[in-house]
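Structure first, commentary second.
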Amino acid sequence: MSAPVVQIAGVSKTFGRVTAVDGVDLSLEPGTFVGLIGHNGAGKSTLLSMLVGLLRPTTGTIRIAGVDVHADTRSALAHLGAVPEHPALFEYLSAREHLTFVRDVRGGGDVDAALDLTGLGDDADRPIREYSQGMRRKTALAAAMLGTPKVLVLDEAINGLDPPSAARMKQALRARVDAGTTVLLSTHVVETVEAVADRVVMLAHGRVVADVPRGSLGAGALEQLFLERLEAEQQARRSS
């Protein structure tokens, strides 16, 4: 078995008296498509923000390709491509110019190939400030996939895409996974996870309440499992 490319060990994050992430342990192997699901406020975005170095854990460690994200952020993030829930783009640039800038900073990548994923066509040379939200998300996804990052972290990144673009992106992500990239896709849309993921990790109130191979679940079983685990977690919280 390959060594994990992502290692999250004992990670918690508190904001005052609120615990957003509570003792998460998670290891992700190369070439795996992981769907991270949870209710609103489950801690998904907080966990991913720590993974990409935007937040520092209150406790625990996070490693990407063996590098501690918070001890050596630059080296760890060299292995990572990411799309946050609300991506920030250089709005005065076009998508082509934005991707060219990202390529130069990252030190490599095929801009034309990345643009092919977006389906932006001639719009790739218009200023991003004129783009719709869906077009902005396509640009952010293309930027994240430039080069050959070992890990792709996507926070609600497929939501809001038109059906043809979503299908094209799912195919592109699957091809990357088959080539050895690890994809961690956070979403609250169960159907998306059922369509693309190899493994499903469920968060509820900051804790991992399930971690299962998608293939072990029958049609429609994922939603039922999530509801059952969420209810069990809520009951445990009420009784504690």
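Only this structure's heavy atoms are used, side chains among them; waters, hydrogens and symmetry mates stay out. Computed from a prediction, not measured in an experiment: that's the story for all the values here.
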request  = For Leu154 and Val183, work out which heavy atoms get closest and say how close.
outcome  = CD1-CG1, 4.1 Å
key: side chain to side chain donor-acceptor pair (under 3.5 Å): pairs with one or both residues in residues 134-144, sequence neighbours excluded   = Glu91-Arg136, Lys138-Asp162, Lys138-Ser165
inquiry  = Is there a side-chain contact (heavy atoms from CB on, under 4.5 Å) between Ile64 and Leu51? Walk through the geometry before answering.
reply    = CA-CA 8 Å; Ile64 298 174; Leu51 178 56; 4.1 Å; yes
Atom pair CG/NE2 of Leu93 and His98 - distance to nearest 0.5 Å = 8.0 Å
query = What do the steps show when you test Ile128 against Tyr92 for side-chain contact (heavy atoms from CB on, under 4.5 Å), and what is the final call?
reply = CA-CA 6 Å; Ile128 291 172; Tyr92 56 89; over 6 Å; no
task = Apply the test side-chain contact (heavy atoms from CB on, under 4.5 Å) to residues Arg63 and Val69: give CA-CA distance (whole Å), side-chain angles for both, the deciding distance (0.1 Å), then the verdict.
result = CA-CA 6 Å; Arg63 295 181 179 274; Val69 170; over 6 Å; no
ask   = Do the side chains of Val177 and Leu141 join up, straight or via other hydrophobic residues, at under 4.5 Å, putting them in one cluster?
value = yes
Enclosure of Asn40 CG (heavy-atom neighbours >12, cutoff 6.0 Å) = no
ask   = Do you know the tightest heavy-atom contact between Gly10 and Asp25?
value = N-OD1, 2.6 Å
remark   = Between Lys44 and Gly38, the two heavy atoms sitting closest are NZ-O, 3.1 Å
key: Side-chain touch Leu55/Thr46, heavy atoms, less than 4.5 angstrom   = yes
query = Do the side chain of Ser94 and the main chain of Glu97 share a donor and acceptor less than 3.5 angstrom apart?
reply = yes
message = Looking at every non-hydrogen atom in both residues, tell me the closest pair between Ala142 and Leu99 and how far apart they are.
response = CB-CD2, 3.7 Å
request  = Check for a donor-acceptor pair, side chain of Arg168 on one end and backbone N or O of Leu117 on the other, with a separation under 3.5 Å.
outcome  = yes
inquiry  = Rounded at 0.5 Å granularity, tell me how far CG in Asp110 sits from CG in Leu146.
reply    = 8.0 Å
message = Do Leu26 and Leu54 sit in one hydrophobic cluster, given that two such residues count as connected whenever their side-chain heavy atoms are within less than 4.5 Å of each other, even indirectly?
response = yes
request  = Please determine which of Leu152, Val151, Val153 meets the side-chain contact (heavy atoms from CB on, under 4.5 Å) test together with Pro149.
outcome  = Leu152
task = Grab the two heavy atoms, one from Val21 and one from Gly43, that are nearest each other, plus how far apart they are.
result = CG2-O, 3.7 Å
query = Can Leu47 be reached from Val52 by stepping across I, L, V, M, F, W or Y side chains whose heavy atoms are under 4.5 Å apart?
reply = yes
query = Taking the six-membered ring for Trp, are Phe101 and Phe90 parallel (under 30°), tilted (30 to 60°) or perpendicular (over 60°)?
reply = perpendicular
task = Mind running side-chain contact (heavy atoms from CB on, under 4.5 Å) on Thr61 and Gln7 for me, showing each step along the way?
result = CA-CA 8 Å; Thr61 59; Gln7 295 172 295; over 6 Å; no
query = Is a side-chain N or O of His205 found less than 3.5 angstrom from the main chain of Thr19, in a donor-acceptor match?
reply = no
ask   = Should Ile37 and Leu203 be regarded as members of a common hydrophobic cluster, given that ILVMFWY residues are connected when their side-chain heavy atoms come within less than 4.5 Å of each other, either directly or indirectly?
value = no
remark   = Sequence neighbours excluded, the answer for salt bridge (charged side-chain N to carboxylate O under 4.0 Å, His left out) partners of Asp112 is Arg96
request  = Please tell me if the side chains of Lys150 and Thr181 come closer than 4.5 Å, counting only heavy atoms from C-beta onward.
outcome  = no
query = So, does Thr58 use its side chain to make a donor-acceptor pair with the main chain of Thr14 at under 3.5 Å?
reply = yes
ask   = Are more than 12 heavy atoms from other residues, nucleotides or ligands located less than 6.0 Å from atom CZ of Arg56?
value = no
inquiry  = Can a side-chain donor-acceptor contact be found between Ser45 and Asp155 if the only test is distance below 3.5 angstrom?
reply    = yes
ask   = So how far is it from Ser132 OG to Asp123 CG, rounded to the nearest 0.5 Å?
value = 8.5 Å
task = State, yes or no, whether a side-chain contact exists between Asp68 and Thr73 at a heavy-atom distance under 4.5 Å.
result = no
task = Rounded to the nearest 0.5 Å, what's the gap from CG on Leu89 to OH on Tyr131? Could you check?
result = 9.5 Å
ask   = Is there a donor-acceptor pair under 3.5 Å between the side chain of Arg176 and the backbone N or O of Gly180?
value = no
query = Hey, does Val200 have a side-chain heavy atom less than 4.5 Å from the side chain of Met202?
reply = yes
inquiry  = Between Val193 and Leu185, is there a side-chain heavy-atom distance shorter than 4.5 Å?
reply    = no
message = Applying the side-chain contact (heavy atoms from CB on, under 4.5 Å) criterion to Leu184, which one of Thr32, Val34, Val6 satisfies it?
response = Val34
request  = Considering non-hydrogen atoms only, spot the tightest contact between Arg106 and Ala143 and give its length.
outcome  = NH1-O, 3.3 Å
ask   = Got more than 12 heavy atoms from elsewhere within 6.0 Å of NE2, His70?
value = yes
query = Are Val201 and Val209 connected in the hydrophobic side-chain network, where two residues link if heavy atoms are under 4.5 Å apart?
reply = no
remark   = Taken in chain and number order and not counting sequence neighbours, the residues that satisfy salt bridge (charged side-chain N to carboxylate O under 4.0 Å, His left out) with Arg199 are Glu29, Asp211
message = Measuring from atom CG of Leu36 to atom CG of Leu28, what distance do you get when rounded to the nearest 0.5 angstrom?
response = 9.5 Å
Spatial distance of atom CD (Glu156) from atom NE2 (His86) [nearest 0.5 Å] = 9.0 Å
